[in-house]
Amino acid sequence: MPTLFLHNSLTRKREAFVPLDPTHVRMYVCGPTVYDLAHLGNARPVVVFDVLARLLRRLYPRVTYVRNITDVDDKINARAAATGEAIGAITARTTADFHADMAELGALPPDVEPAATQHIAEMIALIERLIASGHAYAAEGHVLFSVHSFADYGHLSGRSPRELLAGARVEVAPYKRDAGDFVLWKPSTPEQPGWDSPWGRGRPGWHIECSAMSWRYLGETFDIHGGGQDLIFPHHENERAQSLCAFPHGGFARLWMHNGMLLVNGEKMSKSLGNFRTVRDVLALAPGEAIRLLLLKTHYRAALDFTEAALGEARRELDRFYRALEMAPDAPASPEIPAPVLAALCEDLNTPGALAAMHALADAALGGDREAAAGLRAAGAVLGLLGADPAAWFRGGGDDAAAIEAAIAERLAARKARDFARADAIRTALASRGIVLEDGAGGTTWRRAG
RNA sequence: GGUCCGGUGGCAGAGUGGUGAUGCAGCGGACUGCAAAUCCGCGAAUGUGGGUUCGAUUCCCGCCCGGACCUCCA
């Protein structure tokens, strides 16, 4: 078994992955704030860390993968105020939509998916610890984390508190001791969601939930913490400060992993820029599996520029993989991941390299190598690809199969009569509906083209 | 301004101090009534200027270009 190497954002180096407990790997990944449909940028970390979780499960006996749901946030409050919909309704619906969309992308659910609002008690306990140890202070109904109290602040994001202060582009609240101090707890108005606390009725700041929930489900220290690159600062820097100050002997996450941003026309896709494509928008253009492949065709740490051309290419690439599997329809997935695929994944999750190795397997499978087909299926399983029946991939998604078969039979009769004009007319008519015919030795088959 | 990341064939995208993966697209051929698919073959790339080295796309420095972050963000 090859050694798994992963790039650690904290050390900025590729490191051999050595779990704290080789019998139980623990990973936390930041999940969505549920106020709107997921966009492709939200989907990238879900897919990337889904692959990592699948790989870890193949390498270690037990994996606990935690991904939170942020269901208390001022963006949610703003949405409720703007639309009149109740907060609970917004978060419940958006969470369900998120689950449905991620399932379309072939992402397995995490082992634990804690919601922030279900862990307010843990957050309050954590904040009390921080106050007791001098790392936080209450002021005007708020509780703030004292950046000054944590010598390692800025380590993860690679900046000094002085730089952070100089770069601050937001007005500094008067109750902050230091401009870099951030909110752990803030007061709520009667209309805003709130919980009773030692500091009055209020709600948590953004970062404390992840510290609280990773603590609850993974302990004071765990193996991997993941998320998007844009979360490094302030979210992960602050989360790390909170957790390390609350549990000075814990160590918190040992390995930090951050996926690169998703761009559209060279610009970052984000809700604030308004240039985002929701997963649903893109699912209208291509199957979820093609979107998933598109996301895995680029190494997770690099920026990925989304284009519809690339989406079409991903779909054609899947056509070839499924053709290879069709050559050996009853070949089961082999128990072992083919060595070249596993080797690529163990090199910091090099999914493009793994896909290249899969193309070699597909070539062999197309040549009749059943073992290669079985290996291709196994490789697909680690990447969360190729789980469909090839027949469903090529011919699913419509209820016109009988009509198509009838047209094919008619064309066959015309061909037998050597009436090629008639036969070609039928083929052209089908092609205009996106149906491509393939005349083979065993008869005519058809598929839907992208 | 500060910090960080990146610039590879037409496009996408890996790896590598010693003849530059893979896919998509294109071109030629086989197969086909014609196609499609498949197979065989072909052309095609390391931003720029220096340095280190027997040798640099890879390591170092400058420059140009692009992107991210600097308290909404995956």
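None of the values given here were measured: they were computed from a predicted structure. Throughout, protein chains are lettered first and strands after them, A, B, ... in sequence-line order, and every chain is numbered starting at 1.
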For this session: Classify the nucleic acid contact of A:Asp439 as base, sugar-phosphate or nothing, counting any heavy atom under 4.0 Å across all strands shown.
Result: base
Seminar exercise, completed: Pairing partner of B:G10, by Watson-Crick or G-U wobble and under 3.5 Å for both distances, is B:C24
Exercise. Would one find a side-chain N or O of A:Trp206 under 4.0 angstrom from OP1 or OP2 of B:C73?
Worked result: yes
For this session: Would you tell me if any nitrogen or oxygen in the side chain of A:Arg316 comes within less than 4.0 Å of OP1 or OP2 on B:A12?
Result: no
Exercise. Can you tell me how far CD of A:Glu347 sits from OG1 of A:Thr3, rounded to the nearest 0.5 angstrom?
Worked result: 11.0 Å
For this session: Give one of base, sugar-phosphate or nothing for A:Arg301, where a contact means two heavy atoms less than 4.0 Å apart.
Result: nothing
Seminar exercise, completed: By the Watson-Crick or G-U definition, both distances under 3.5 Å, B:A74 is matched with none
Problem set entry | B:C5 to B:C42 separation - P atoms, rounded to the nearest Å | 40 Å
Problem set entry | A:Phe150/A:His135 aromatic ring centres below 6.0 Å | no
For this session: Measure from NZ on A:Lys297 to P on B:C11 and round the result to the nearest Å.
Result: 15 Å
Exercise. Is any side-chain N or O of A:Arg323 closer than 4.0 Å to OP1 or OP2 of B:U38?
Worked result: yes
Exercise. Below 4.0 angstrom, N of the basic side chain to O of the carboxylate: do A:Glu104 and A:Arg280 qualify?
Worked result: no
Exercise. Any donor-acceptor pair under 3.5 Å between the side chain of A:Asp424 and the base of B:G33?
Worked result: yes
Exercise. How is A:His39 classified with respect to the nucleic acid when contacts are heavy atoms under 4.0 Å: base, sugar-phosphate, or nothing?
Worked result: base
Exercise. With sugar-phosphate meaning primed atoms plus P, OP1 and OP2, does A:Met358 contact a base, only sugar-phosphate, or nothing at under 4.0 Å between heavy atoms?
Worked result: nothing
Seminar exercise, completed: On RNA chain B, more 5' by nearest nucleotide between A:Ala362 and A:Ala423 is A:Ala423
Problem set entry | A:Met269 CE to B:C72 P, straight-line distance once rounded to whole Å | 21 Å
Problem set entry | Atom-pair distance (CD1 on A:Ile435; C1' on B:A35), nearest Å | 16 Å
Exercise. In whole Å, what is the span from the CD atom of A:Gln229 to the P atom of B:C5?
Worked result: 10 Å
For this session: Round to the nearest Å and state the distance from A:Glu313 atom CD to B:U22 atom C1'.
Result: 11 Å
Exercise. Is the A:His258 to A:His236 ring centre distance short of 6.0 Å?
Worked result: yes
For this session: Could you check whether A:Lys268 gets within reach of a base, just the sugar-phosphate, or nothing at all, counting any heavy atom under 4.0 Å?
Result: base
Problem set entry | Under 3.5 Å on both distances, the Watson-Crick or G-U partner of B:A36 | none
Exercise. What about A:Phe182 and A:His235, are their ring centers closer than 6.0 Å?
Worked result: no
For this session: Under 4.0 Å between any heavy atoms, over every strand shown, what does A:Leu437 touch: base, sugar-phosphate, or nothing? Just pick one.
Result: base
Exercise. A:Leu361 versus A:Phe321: any side-chain heavy-atom pair under 4.5 Å?
Worked result: no
Problem set entry | Gap in Å between the two C1' atoms, one belonging to B:U22 and one to B:C70, rounded | 38 Å
Exercise. So which one's nearest nucleotide on RNA chain B is more toward 5', A:Arg418 or A:Arg447?
Worked result: A:Arg418
Exercise. Which part of the nucleic acid does A:Gly227 contact within heavy-atom distance under 4.0 Å: base, sugar-phosphate only, or nothing?
Worked result: sugar-phosphate
Problem set entry | Distance under 6.0 Å and angle within 45° of ring axis: A:Arg177 vs A:Tyr137 | yes
For this session: Scan A:Tyr65, A:Phe49, A:Trp256 and name whichever one has a ring-ring contact (aromatic ring centres under 6.0 Å, His included) with A:His225.
Result: A:Trp256
Exercise. Roughly, in whole Å, what's the span from CD1 in A:Ile76 to P in B:C72?
Worked result: 16 Å
Problem set entry | Pairwise P distance, B:C60 and B:G7 [rounded to whole Å] | 13 Å
Exercise. Is the phosphate of B:G13, meaning OP1 or OP2, less than 4.0 Å from a side-chain N or O of A:Thr298?
Worked result: yes
Exercise. How would you label the contact of A:Leu262 with the nucleic acid (heavy atoms, under 4.0 Å): base, sugar-phosphate, or nothing?
Worked result: base
Exercise. Taking the same atom, C1', in B:U16 and in B:C4, what whole-Å distance lies between them?
Worked result: 24 Å
Exercise. Looking for any heavy atom pair under 4.0 Å, which part of the strands does A:Glu438 touch: base, sugar-phosphate only, or nothing?
Worked result: base
Exercise. Over how many whole Å does the gap from A:Asn238 atom CG to B:C69 atom P extend?
Worked result: 16 Å
For this session: Let me know the distance between CZ of A:Arg411 and C1' of B:A36, rounded to the nearest Å.
Result: 9 Å
Exercise. Heavy atoms under 4.0 Å, any strand shown: does A:Arg44 hit a base, just sugar-phosphate, or nothing?
Worked result: nothing
For this session: Report which part of the nucleic acid A:Asn350 touches: base, sugar-phosphate, or nothing (heavy-atom distance under 4.0 Å, all strands).
Result: sugar-phosphate
Exercise. What interatomic distance, in whole Å, is found between C1' of B:U52 and the corresponding atom of B:C27?
Worked result: 43 Å
